[in-house]
Amino acid sequence: MSAVSPLKILFVASEAYPFAKSGGLGDFASALPKALQRAGHDVRLLLPKYASVIDCDQGLKPSGIDVSVPVGQRQCKGFLFESALPDGPPVTLISKASYFLRKDLYGSEYGEFGDNGERFIFFCRAALETCKAIGFQPDIIHCNDWQTGLVPLYLKTVYAKDPFFSKTKSVFTIHNLAYQGNFSSDLLELAHVPRELYHPEGVELYGQFSFLKAGLVCADYLTTVSPTYSKEIQTPEGGWQLEGLLKKRSDHLVGILNGVDYETWNPQTDATLPSRYSIKQPETKLACRRDLERRFALKLAPDKPLACMVTRLSHQKGIDLIADNLQRMLDQGAGFILLGSGDPEYQDRFEQLQKRFSDQAAVVIGYDEILAHQIIAGSDLILIPSRYEPCGLTQLYGLKYGTLPLARATGGLQDSVEEVSVDSAKGTGFKFDNFQRDDLLNAWNKAQSCFSKPQLWKTLVDNAMRQDFGWQPSAQRYIDLYRRALSA
């Protein structure tokens, strides 16, 4: 293969917007394949066909092709459907109603689905059978998170002597090391994984069969979604019991910062906004704030910032740090809007705070993509106090929309937000190091002080909106990594 030959890339993920999305992986698995296609490569995206796929309006049609997948002693049939990403590459969706025709992707309000191991055993094996069924012989299979961790393992075991995959290499991206897909070792037989691989140097992790670890051990190259996170996961504090393996594979581990799909996230072209704006006309952003104030009946002074959070309500996201200190922040006259769902305890705490500060705070439990755009556009600050953050996308959206991040200096937040210097009017946001109340409030007070100086704030908004986190540079880094894997 010459250095300039287009690559054939199969992108395997458990979700991708607009077909299915529960978090940042959904955006990643939509945006990167499109960027790779724009760079001239032959890209196919492979997903499960969930119930949500039916409502995504992407021209879904049956291919007339099915695949037969061994799951334990049974042969399970999957039916293939065809679609495409908006202005992007083809998408093949694997349908098996008993596994995927459910309202939620991985679990319900009662917890994870009890058959998740079996569901994604089927999906991983079906991914490889689908390649053969549609005649797509990939140079690279790019896998994402534990739900696809068995694909690299299968390439090294079940399909090791299959000539169809003789030149295929795998890349495995860690979006969040905390989610590991750990199951009973009874699933080894269901997955047709040799028992001799069940040991600490293989797929065993503290007495369980780990799908994530299978990907980490067997993929040709590993990536994470920011350079800082790639270092953090090699430490006991951030390694989730896998730091030893990741240090051992550090020469095959690369941190590549996520990008943003500016076709979707751009205030100059965003049709969801009540008023579009740009670097040349940033003052129009004020109309978006006024729209939020009217919609949620907020009564805010013009010299007080409106802060927002668009997030999962989870321990990782540092929600408790905001909940514990929001009253202090609102006592200073600021406004606050939350869009998110998750832990019922957090939901209740924020709803109680909204009742006490009904003129200043609004809480929307759930997720609405259009409302997410409108809230980020109409706010002045976006709060991201994560305990850890592999990359984070909301800070990148905030920067493009002139909504300055107030974020903890961890993972991708550290890599993408430049601390504001009041003296030089440089920087794009406000960071704090330690997960502590005083550190958060110091960053908040600095942000409020800057907001009270209109000319300084205007300069900081301009700084933020001029940042370019488009996918092209990151996509090129992935392409270089694919070629390195193929030449190894």
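We use all heavy atoms of the structure for the numbers below, so side chains are in, but hydrogens, waters and symmetry mates are not. Fair warning: this is a prediction, and the values are worked out from it, not measured in the lab.
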Quiz item: With respect to F432, which candidate in N442, T410, L321 satisfies the side chain to side chain contact (heavy atoms under 4.5 Å, CB included) definition?
Solution: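 Going through N442, T410, L321 one by one, the side chain to side chain contact (heavy atoms under 4.5 Å, CB included) with F432 is satisfied by L321 alone.
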
Quiz item: Listed by chain and number, what are the salt bridge (Lys or Arg N to Asp or Glu O under 4.0 Å) partners of R289, not counting sequence neighbours?
Solution: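 Once residues adjacent in sequence are excluded, the partners of R289 under the salt bridge (Lys or Arg N to Asp or Glu O under 4.0 Å) criterion are E293, D380.
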
Quiz item: Please walk me through it: do L222 and H252 pass side chain to side chain contact (heavy atoms under 4.5 Å, CB included)?
Solution: CA-CA 6 Å; L222 310 175; H252 287 77; 5.5 Å; no

Self-check item: F172/Y221 aromatic ring centres below 6.0 Å
Solution: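 For F172 and Y221, the ring centres are not under 6.0 Å apart.
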
Exercise. Inspect the surroundings of CG in D87 and state if more than 12 heavy atoms from other residues, nucleotides or ligands are less than 6.0 Å away.
Key: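 No, the 6.0 Å shell around CG holds no more than 12 heavy atoms from other groups.
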
Practice problem: Check whether more than 12 heavy atoms from other residues, nucleotides or ligands sit under 6.0 Å from atom CD1 of I370, and answer yes or no. | Solution: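 Result for CD1/I370: open.
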
Going by salt bridge (Lys or Arg N to Asp or Glu O under 4.0 Å), name the pairs with one or both residues in [range], residues two or more places apart or in two chains.
range	value
residues 17-26	K21-D27, K21-E369
residues 249-265	K34-D261, R38-E263
residues 408-427	E419-K446

Practice problem: For E283, check side-chain contact (heavy atoms from CB on, under 4.5 Å) against everything at least two apart and list the hits. | Solution: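 Checked E283 against side-chain contact (heavy atoms from CB on, under 4.5 Å); matches are Q281.
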
Practice problem: Check the angle between the aromatic planes of H142 and F11 and answer parallel, tilted or perpendicular using the 30° and 60° thresholds. | Solution: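 Judged by the thresholds at 30° and 60°, the geometry between H142 and F11 is tilted.
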
Quiz prompt | Verdict with reasoning, D462 to R466, per salt bridge (charged side-chain N to carboxylate O under 4.0 Å, His left out) | solution = CA-CA 6 Å; D462 185 79; R466 289 186 184 280; 2.8 Å; yes

Listed partners of [X] passing ring-ring contact (aromatic ring centres under 6.0 Å, His included), at least two apart:
X	value
F430	none
Y367	none
F100	Y50
H41	none

Quiz item: Q395 side chain to C391 main-chain N or O, any donor-acceptor pair under 3.5 Å?
Solution: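 Yes, Q395 side chain to C391 backbone: donor-acceptor pair under 3.5 Å.
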
Self-check item: T92 side chain vs L45 backbone, donor-acceptor pair below 3.5 Å
Solution: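 The answer is no, because no donor-acceptor pair under 3.5 Å joins these two groups.
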
Exercise. Answer whether the closest heavy-atom distance between the side chains of K49 and L60 falls below 4.5 Å.
Key: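 The answer is yes, as the side chains (C-beta and beyond) meet within the 4.5 Å cut-off.
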
Quiz item: Between K400 and D468, is the closest basic N to carboxylate O distance under 4.0 Å?
Solution: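 No, this pair does not count.
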
Quiz item: Do the charged groups of R295 and D291 touch, with an N to O distance under 4.0 Å?
Solution: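 D291 and R295: salt-bridged.
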
Practice problem: Sequence neighbours left out, what pairs pass ring-ring contact (aromatic ring centres under 6.0 Å, His included) with at least one residue falling in residues 443-465? | Solution: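 Residue pairs with at least one partner in residues 443-465: F451-W457.
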
Quiz item: Can you list every pair that meets ring-ring contact (aromatic ring centres under 6.0 Å, His included) and has a residue in residues 290-328, with sequence neighbours left out?
Solution: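 Not a single pair qualifies under ring-ring contact (aromatic ring centres under 6.0 Å, His included).
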
Self-check item: Pair L242-I233, side chain to side chain contact (heavy atoms under 4.5 Å, CB included): steps then yes or no
Solution: CA-CA 8 Å; L242 289 164; I233 61 175; over 6 Å; no

Exercise. Please determine which of F120, Y179, F123 meets the ring-ring contact (aromatic ring centres under 6.0 Å, His included) test together with W146.
Key: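 That would be F120.
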
Quiz item: Quick one: side chain to side chain donor-acceptor pair (under 3.5 Å) partners of S386, sequence neighbours excluded?
Solution: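 Side chain to side chain donor-acceptor pair (under 3.5 Å) list for S386, sorted by chain: E389.
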
Exercise. To the nearest 0.5 Å, tell me how far R484 CZ sits from D220 CG.
Key: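 That separation rounds to 12.5 Å.
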
Exercise. Identify the two heavy atoms, one from L253 and one from S230, that lie closest to each other, and give their separation to 0.1 Å.
Key: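 Looks like CD2-O, 3.9 Å.
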
